[in-house]
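Chain letters run A, B, ... following the sequence lines, proteins first and then strands; every chain starts at 1.
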Amino acid sequence: MPELPEVETFKRYIEARSLLRSIAEVEVRNPTVLGPMEPEELRRRVGGAMFLSARRHGKQLFLELSSGGWLTWHFGMTGEPVLFSNGDVPRFPRVLFRFADETLAFDDPRMLGRIGWTPTVEEFVRRKRLGPDALAITSKEFVDRFGRARGALKPALMDQHRMAGMGNIYSDEVLFQSRLDPRTGADSLDRGELEAVHRVMRRVLRMSIARGTDFSRFPRTYLLHHRRKGASCPGCGGTTETVTLGGRTTYYCPACQRPRAGGVEGRT
DNA sequence: TTTCATGTTCAGCA
DNA sequence: GTGCTGAACATGAA
């Protein structure tokens, strides 16, 4: 689930009903998601405390603790927060934060997500060397950072050190709507072209958040509805293709997304 | 049974 | 330091 729009939606979900409520108990069912942190440390920091506020940077969520510092939540590939009462218990609750009458679960089947603690958000962002948030980055900084990238544009968009928040699906979508082959060299684009990619990225991310990241409510012209082998391009009806970039399967339309002079594929 | 998956990290190599 | 590749992590779904 989680790229920037999903995490922003998770943030709003938690803000709506999980702030300023006393956490009576913390139950750690799978210590794996705590990484190096001992369950005892989590219980000590969170037990009896409450979440005061939430912040987001890229795909990372931060929950301010009344006991000091912030809980850091990263959802990996399949994580999501689920607030539930007696009824519908989620299927893969790895850590449970129990309020008086409801429970907030860190639900994550694959357990690639992580919960940690940091004294300040800034210190965490610095330590992980995260780039500016994809919805906060200015056009000028975007041009500056991507104009200096030496490799292909797609992996550069997904590089959390360059800019935080873009993942595999939204990167493909932005490139499709920008009509750029994913292998295009980032530094082969001029200022105007990079500014255009920045505008497309903002439009895609904001649209997704506005629709609650529900793909079924996205425009039918979006490529993400067609992430299957041999699917047809929503633009020209042709057949889409895949290529592996940055270790990830990349969907694109060879007819709509033109390779251009200066592309990475032609280099020696 | 095999393959793939909205992510991150690390080792190894150019 | 930059960039690329492959593997590991852990498990469900097709």
Visitor: What pairs with R17(A) under salt bridge (charged side-chain N to carboxylate O under 4.0 Å, His left out), at least two apart in sequence or on another chain?
Guide: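 Scan of R17(A) (salt bridge (charged side-chain N to carboxylate O under 4.0 Å, His left out), adjacent residues dropped) gives E102(A).
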Visitor: Would you say the side chain of Y13(A) lies within less than 4.5 Å of the side chain of S18(A), judging by non-hydrogen atoms?
Guide: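 No. Closest side-chain heavy atoms not under 4.5 Å.
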Visitor: Report yes if some heavy atom in the side chain of F62(A) is under 4.5 Å from a heavy atom in the side chain of L71(A); otherwise report no.
Guide: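 When only atoms from C-beta onward are counted, L71(A) and F62(A) do not touch, as no gap falls below 4.5 Å.
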Visitor: Please tabulate, one pair per line, all N/O donor-acceptor pairs under 3.5 Å involving side-chain atoms of residues 164-172 of chain A, not counting sequence neighbours.
Guide:
residue : atom : partner : partner atom : Å
N168(A) : OD1  : K154(A) : NZ           : 2.5
N168(A) : ND2  : T249(A) : O            : 3.1
Y170(A) : OH   : E6(A)   : OE2          : 2.9
Y170(A) : OH   : S208(A) : OG           : 2.7
S171(A) : OG   : G167(A) : O            : 2.6
D172(A) : OD1  : K154(A) : NZ           : 2.5
D172(A) : OD2  : R227(A) : NH1          : 2.9
D172(A) : OD2  : R227(A) : NH2          : 3.4
D172(A) : OD2  : Y251(A) : N            : 2.9

Visitor: Out of curiosity, L189(A) CG to E195(A) CD, how far, rounded to the nearest 0.5 Å?
Guide: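 Between atom CG of L189(A) and atom CD of E195(A) there are 11.5 Å.
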Visitor: Got a sec, which residues hit side-chain contact (heavy atoms from CB on, under 4.5 Å) with L112(A), two or more places apart in sequence or on another chain?
Guide: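 Residues passing side-chain contact (heavy atoms from CB on, under 4.5 Å) with L112(A): M77(A), R110(A).
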Visitor: Between M163(A) and L135(A), is there a shared hydrophobic cluster once you connect ILVMFWY residues whose side-chain heavy atoms come closer than 4.5 Å?
Guide: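 Same hydrophobic cluster.
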Visitor: Heavy-atom distance under 4.5 Å between the side chains of L104(A) and I23(A), does that happen here?
Guide: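 Side chain of L104(A) against side chain of I23(A), heavy atoms only: no contact under 4.5 Å found.
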Visitor: Which residues within residues 212-233 of chain A lie with some heavy atom under 4.0 Å of an atom in DNA chain B?
Guide: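 Within this stretch, R227(A) sit under 4.0 Å of the strand.
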Visitor: Could you give the side-chain donor-acceptor pairs of residues 83-96 of chain A under 3.5 Å, partners two or more places apart or in another chain?
Guide:
residue : atom : partner : partner atom : Å
R94(A)  : NE   : D108(A) : O            : 2.8
R94(A)  : NH1  : N30(A)  : OD1          : 3.4
R94(A)  : NH2  : D108(A) : O            : 3.4
R94(A)  : NH2  : P109(A) : O            : 2.8

Visitor: For the rings on F215(A) and F218(A), is their centre-to-centre separation under 6.0 Å?
Guide: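 Yes, the ring of F215(A) comes within the 6.0 Å limit of the ring of F218(A), centre to centre.
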Visitor: Which pairs, with at least one residue in residues 59-73 of chain A and sequence neighbours excluded, count as a side chain to side chain donor-acceptor pair (under 3.5 Å)?
Guide: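 Qualifying pairs: S53(A)-E64(A).
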Visitor: Which ones in residues 159-173 of chain A lie close to DNA chain B, meaning a heavy atom under 4.0 Å from one of its atoms?
Guide: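 Of all residues in residues 159-173 of chain A, the ones placing a heavy atom under 4.0 Å from DNA chain B are Q160(A), G167(A), N168(A), I169(A).
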Visitor: Counting side-chain heavy atoms from C-beta on, which of dT11(C), dT2(C), dT6(B) comes nearest to E3(A)?
Guide: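 Comparing dT11(C), dT2(C), dT6(B) against the side chain of E3(A), the answer is dT6(B).
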Visitor: List for me each residue that meets salt bridge (charged side-chain N to carboxylate O under 4.0 Å, His left out) alongside R206(A), sequence neighbours excluded, and say none if there are none.
Guide: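 Listed in chain order: nothing, the list is empty.
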Visitor: Below 4.5 Å, heavy atoms only, C-beta onward: do H198(A) and F146(A) meet side chain to side chain?
Guide: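 Of all side-chain heavy-atom pairs linking F146(A) with H198(A), none is under 4.5 Å.
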Visitor: Just how far is it from atom CZ of R12(A) to atom CZ of R56(A), taken to the nearest 0.5 Å?
Guide: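 The distance works out to 8.5 Å.
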Visitor: In residues 244-254 of chain A, which residues come under 4.0 Å of DNA chain B by heavy atom?
Guide: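 By residue number: R248(A), T249(A).
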Visitor: Any stems for DNA chain B, made of 3 or more Watson-Crick or G-U pairs in a row, each with both distances under 3.5 Å?
Guide: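 So far as stems of 3 or more pairs are concerned, DNA chain B shows B:2-5 with C:11-14, B:7-14 with C:2-9.
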Visitor: Identify which nucleotide among dT9(B), dA10(C), dT6(B) has an atom closest to any side-chain atom of T32(A), counting heavy atoms from C-beta outward.
Guide: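 Of all the options, the side chain of T32(A) is nearest to dA10(C).
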Visitor: For the side chain of E6(A), starting at C-beta, report the closest nucleotide among dC4(C), dT6(B), dC9(C).
Guide: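 When the side chain of E6(A) is considered, dT6(B) is the closest of dC4(C), dT6(B), dC9(C).
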Visitor: Below 3.5 Å is the cut-off: list the nitrogen or oxygen pairs between protein and nucleotides 12-14 of chain C, distance only.
Guide:
residue : atom : partner : partner atom : Å
dA13(C) : OP1  : R91(A)  : NH1          : 2.9

Visitor: Restricting to salt bridge (charged side-chain N to carboxylate O under 4.0 Å, His left out), what partner residues turn up for R199(A), sequence neighbours left out?
Guide: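 Not a single residue meets the salt bridge (charged side-chain N to carboxylate O under 4.0 Å, His left out) criterion with R199(A).
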